[in-house]
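All remarks here apply to the structure that follows.
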Amino acid sequence: MENNRRDFLKLSGLTAVGMTQKWSMKDSDMAKAPASIAPKQLFNMSGYAAPKLDVVRIGFIGLGNRGSGAITRVNRIEGVQTTAICDVRVEKAQAGAKALKKMNIEPVIYTEKEDAWKEMCQRDDIDLVYICTPWDLHTQMAVYAMKQGKHVAIEVPAATTLEECWQLVETSEKTKKHCMMLENCCYDFFELLTLNMARQGYFGEILHVEGAYIHDLLSANFKQNQYHDNWRLKSNLRNGNLYPTHGLGPICQLLNINRGDQMDYLVSIQSNDFSMHNMAVELAKKDAYFKDFVDKKFRGNMNTTSIRTQKGKTIMVQHDVSSPRPYSRIHLLSGTNGVAMKYPEPGRISNHHHEWVKPEQMAELEKQFAPPIIAKIGELAKKIGGHGGMDFMMDWRLIDCLRNGLPLDQDVYDAAAWSSIVPLSEMSVNNRSKTIDIPDFTRGSWKTNSPVDITLSQGGTTGVKAVS
């Protein structure tokens with residue numbers, strides 16, 4: 001299997017070298033490798049229901065910006081037991097332990113050693129490893145955890161190279177362990193509303209969707225104490241759409257990507273950098289630490305990636321973290337009978353072609369089409385928090401599926417396909433926006449895989465602990 005996968009990558013022209021260096025193509029477009037070259041699917045993880053877990057025992061890796069909130073948030077859910085927590089930084093591990101102690105939880109702590117996370121994954125009293133580390137660590141940790149017999153919940157993006165995407169897919173199929181990317185935006189209230197409306201045919205045939213991650217992180221990325229070892233700043237030394245999944249995940253679910261349709265190919269175009277280099281120069285005048293960044297070449301401010309699906313639908317996804325713009329994920333869907341768009345807020349819907357519905361009509365639509373998960377725990381999620389409640393709804397749904405033995409809303413094929421836009425967009429940008437094919441990580445099963453179940457017709461039995 002390992003040799004087959006490597007042969008496939010080589011024959012496709014998508015080797016690991018091409019992911020990080022300039023990659024040249026002899027032709028003006030990229031021919032998709034024959035299906036016979038792609039590694040065969042070992043087991044279809046789409047729709048797979050693992051054995052029920054009455055109690056989900058969790059080990060957390062990474063207690064920084066995301067993990068520090070996750071450890072307390074997840075423990076608001078009934079049927080959860082936090083066995084262990086891990087962070088290479090002693091102060092973060094201790095802070096996490098202190099926060100959990102207030103909830104009468106005393107997990108085993110793994111810290112200081114670089115590979116302490118491996119020791120934690122080897123424990124036989126952990127069912128789920130919850131990973132909130134820097135991007136370049138995600139895949140190696142997820143693969144190792146699955147090989148130790150653990151399900152995995154992994155922050156976004158799940159992988160940063162095509163090689164890593166295939167590693168996740170093959171490992172999940174081989175071990176039959178879930179690998180869910182923690183794409184919380186799939187659980188935002190408006191995104192869930194439009195998904196439910198689309199399922200019920202309100203917008204007609206969806207023909208075009210848009211998403212984005214537009215977030216002014218220029219100052220934050222240059223702060224020395226914001227991201228450990230400035231890992232997020234260093235990630236911006238790479239071209240392409242580096243963080244596609246917040247905008248892409250919800251709109252892929254609208255189009256049933258990997259479950260009835262598949263992303264076929266993309267083109268990606270990028271502006272020059274007009275901000276990051278200038279900031280590095282200015283900061284270096286006062287702080288020698290930043291002198292190493294002065295001669296570096298940062299990615300451009302705005303990346304725009306366009307994708308066409310097998311069924312002829314189109315997707316546009318953007319990335320800009322260095323321009324002074326208000327936050328936006330766009331979230332736009334265009335159908336034959338209507339349109340929805342969230343940013344600028346509030347979310348809006350039109351079925352009259354020339355104007356948005358009135359506020360009172362919008363309120364009626366929200367009431368009529370509110371999906372069951374919002375009706376069940378939406379208000380509780382807002383109280384518990386995490387990006388307005390969507391983080392908690394994501395965690396609750398994950399735990400409820402594991403406890404009821406149900407398929408997860410996001411599987412390893414979603415993690416791979418959505419994350420693959422990072423290296424594929426880089427290839428396109430580095431080659432004057434040439435067309436790049438998107439691998440079929442499902443190896444054809446997208447044609448028969450069932451759409452994500454948003455009805456709560458099964459499960460929905462997990463309680464939430466009281467919130468003061």
Side-chain angles (χ1 to χ4, degrees), residues 14 16 19-20 61-62 64-67 70 129-143 145-146 152-172 178-187 211-215 217 221 227-228 231-253 257-258 263 266 268 270 299 303-305 307 315 317-321 329 387 390-391 394 398 408-429 436 438-439 441:
L14 305 179
M19 300 166 197
T20 56
I61 309 176
N65 294 324
R66 295 289 289 141
V129 175
Y130 197 111
I131 302 170
C132 298
T133 56
W135 304 340
D136 62 335
L137 300 175
H138 287 177
T139 296
Q140 61 176 296
M141 291 179 169
V143 167
M146 284 188 282
V152 168
I154 181 173
E155 265 297 342
V156 303
T160 60
T161 70
L162 283 184
E163 175 74 10
E164 289 181 342
C165 290
W166 281 111
Q167 287 176 15
L168 291 174
V169 169
E170 289 183 348
T171 306
S172 181
H178 289 302
C179 179
M180 173 179 164
M181 185 165 63
L182 293 163
E183 186 38 75
N184 56 345
C185 295
C186 290
Y187 297 87
Y213 186 71
I214 298 172
H215 190 185
L217 296 175
N221 281 343
Y227 300 104
H228 180 56
W231 67 264
R232 196 157 185 173
L233 174 63
K234 294 173 182 176
S235 72
N236 279 275
L237 298 173
R238 177 184 186 181
N239 286 328
N241 190 320
L242 305 184
Y243 202 61
T245 71
H246 279 342
L248 184 62
I251 57 180
C252 278
Q253 290 190 337
I257 297 299
N258 294 333
M263 293 188 290
L266 65 76
S268 187
Q270 185 170 290
R299 64 176 302 280
N303 176 280
T304 299
T305 300
I307 302 167
I315 301 170
V317 60
Q318 292 185 318
H319 178 277
D320 184 348
V321 294
R329 296 197 303 274
H387 292 94
M390 63 183 180
D391 291 359
M394 172 186 68
L398 166 62
L408 304 188
D409 295 343
Q410 300 172 43
D411 57 37
V412 70
Y413 309 116
D414 299 319
W418 302 351
S419 298
S420 74
I421 303 306
V422 177
L424 296 173
S425 62
E426 179 185 30
M427 293 176 194
S428 183
V429 168
I436 304 294
I438 302 172
F441 295 101

*Verify side chain to side chain contact (heavy atoms under 4.5 Å, CB included) between Tyr187 and Asp409, making sure each step is shown before the conclusion.*
CA-CA 10 Å; Tyr187 297 87; Asp409 295 343; 2.7 Å; yes

_Please tell me whether Asn303 and Gln318 have a donor and an acceptor in their side chains that are separated by less than 3.5 angstrom._
no

*Taking only residues two or more places apart in sequence or in another chain, which ones pass salt bridge (Lys or Arg N to Asp or Glu O under 4.0 Å) with Arg299?*
none

*Could you go through the side chain to side chain contact (heavy atoms under 4.5 Å, CB included) check for Met394 and Cys186 one step at a time?*
CA-CA 8 Å; Met394 172 186 68; Cys186 290; over 6 Å; no

*Would you please name every residue forming a ring pair (Phe, Tyr, Trp, His ring centres under 6.0 Å) with Tyr130, sequence neighbours left out?*
Phe60

*asked:* Determine whether a donor-acceptor pair (N or O, by modelled atom type, separation under 3.5 Å) exists between the side chain of Thr139 and the backbone of Ala158.
replied: yes

_So, applying side-chain contact (heavy atoms from CB on, under 4.5 Å) with Ile421, which one of Leu248, Ile315, Ile436 is it?_
Leu248

*Please report the shortest heavy-atom distance between Gln253 and Gln410, naming the atom on each side.*
NE2-CG, 4.1 Å

*Output yes when a side-chain donor or acceptor of Ser425 lies under 3.5 Å from a complementary backbone atom of Val422, and no otherwise.*
yes

*Contacts of type side-chain hydrogen bond (donor to acceptor under 3.5 Å, both in side chains), residue Asp414, not counting sequence neighbours*: Asn258, Arg259

*Determine the minimum heavy-atom distance between Ile131 and Ala142, stating which atoms define it.*
CD1-N, 3.6 Å

*Just jot down the side-chain hydrogen bond (donor to acceptor under 3.5 Å, both in side chains) partners of Thr133, sequence neighbours excluded, or say none.*
none

*His178: what forms a ring pair (Phe, Tyr, Trp, His ring centres under 6.0 Å) with it, not counting sequence neighbours?*
Tyr48, His151

*Is there a side-chain hydrogen bond (donor to acceptor under 3.5 Å, both in side chains) between Thr305 and Ser268 once you walk through the steps?*
CA-CA 4 Å; Thr305 300; Ser268 187; 2.9 Å; yes

*Could you pull out all residues at least two apart from Asn221 that satisfy side chain to side chain contact (heavy atoms under 4.5 Å, CB included)?*
Leu217, Tyr227, Arg232, Leu233, Asn236, Val321

_Results of ring pair (Phe, Tyr, Trp, His ring centres under 6.0 Å) for His228 - residues two or more places apart only_ = none

*Asp391: what forms a salt bridge (Lys or Arg N to Asp or Glu O under 4.0 Å) with it, not counting sequence neighbours?*
Arg66, Arg73

*Can you name the side-chain hydrogen bond (donor to acceptor under 3.5 Å, both in side chains) partners of Thr245, sequence neighbours left out?*
Glu183

*Parallel, tilted or perpendicular: rings of Tyr243 and Trp135 (30°, 60°)*: parallel

*Does a donor on one side chain and an acceptor on the other come within less than 3.5 Å for Thr171 and Gln167?*
no

*asked:* Please enumerate all residues that pass ring pair (Phe, Tyr, Trp, His ring centres under 6.0 Å) together with Phe441, with sequence neighbours excluded.
replied: Trp166

*Donor-acceptor contact present, side-chain Glu164 to main-chain Thr160, <3.5 Å*: yes

_Heavy-atom pair of closest approach, residues His138 and Val156_ = CE1-O, 3.7 Å

*Please report the shortest heavy-atom distance between Leu162 and Pro439, naming the atom on each side.*
CD2-CG, 4.2 Å

_The criterion is salt bridge (Lys or Arg N to Asp or Glu O under 4.0 Å); which residues satisfy it with Asp320, sequence neighbours excluded?_
none

_side chain to side chain contact (heavy atoms under 4.5 Å, CB included) against Ala145, all qualifying residues, sequence neighbours excluded_ = Cys121, Val129, Lys150, Val152

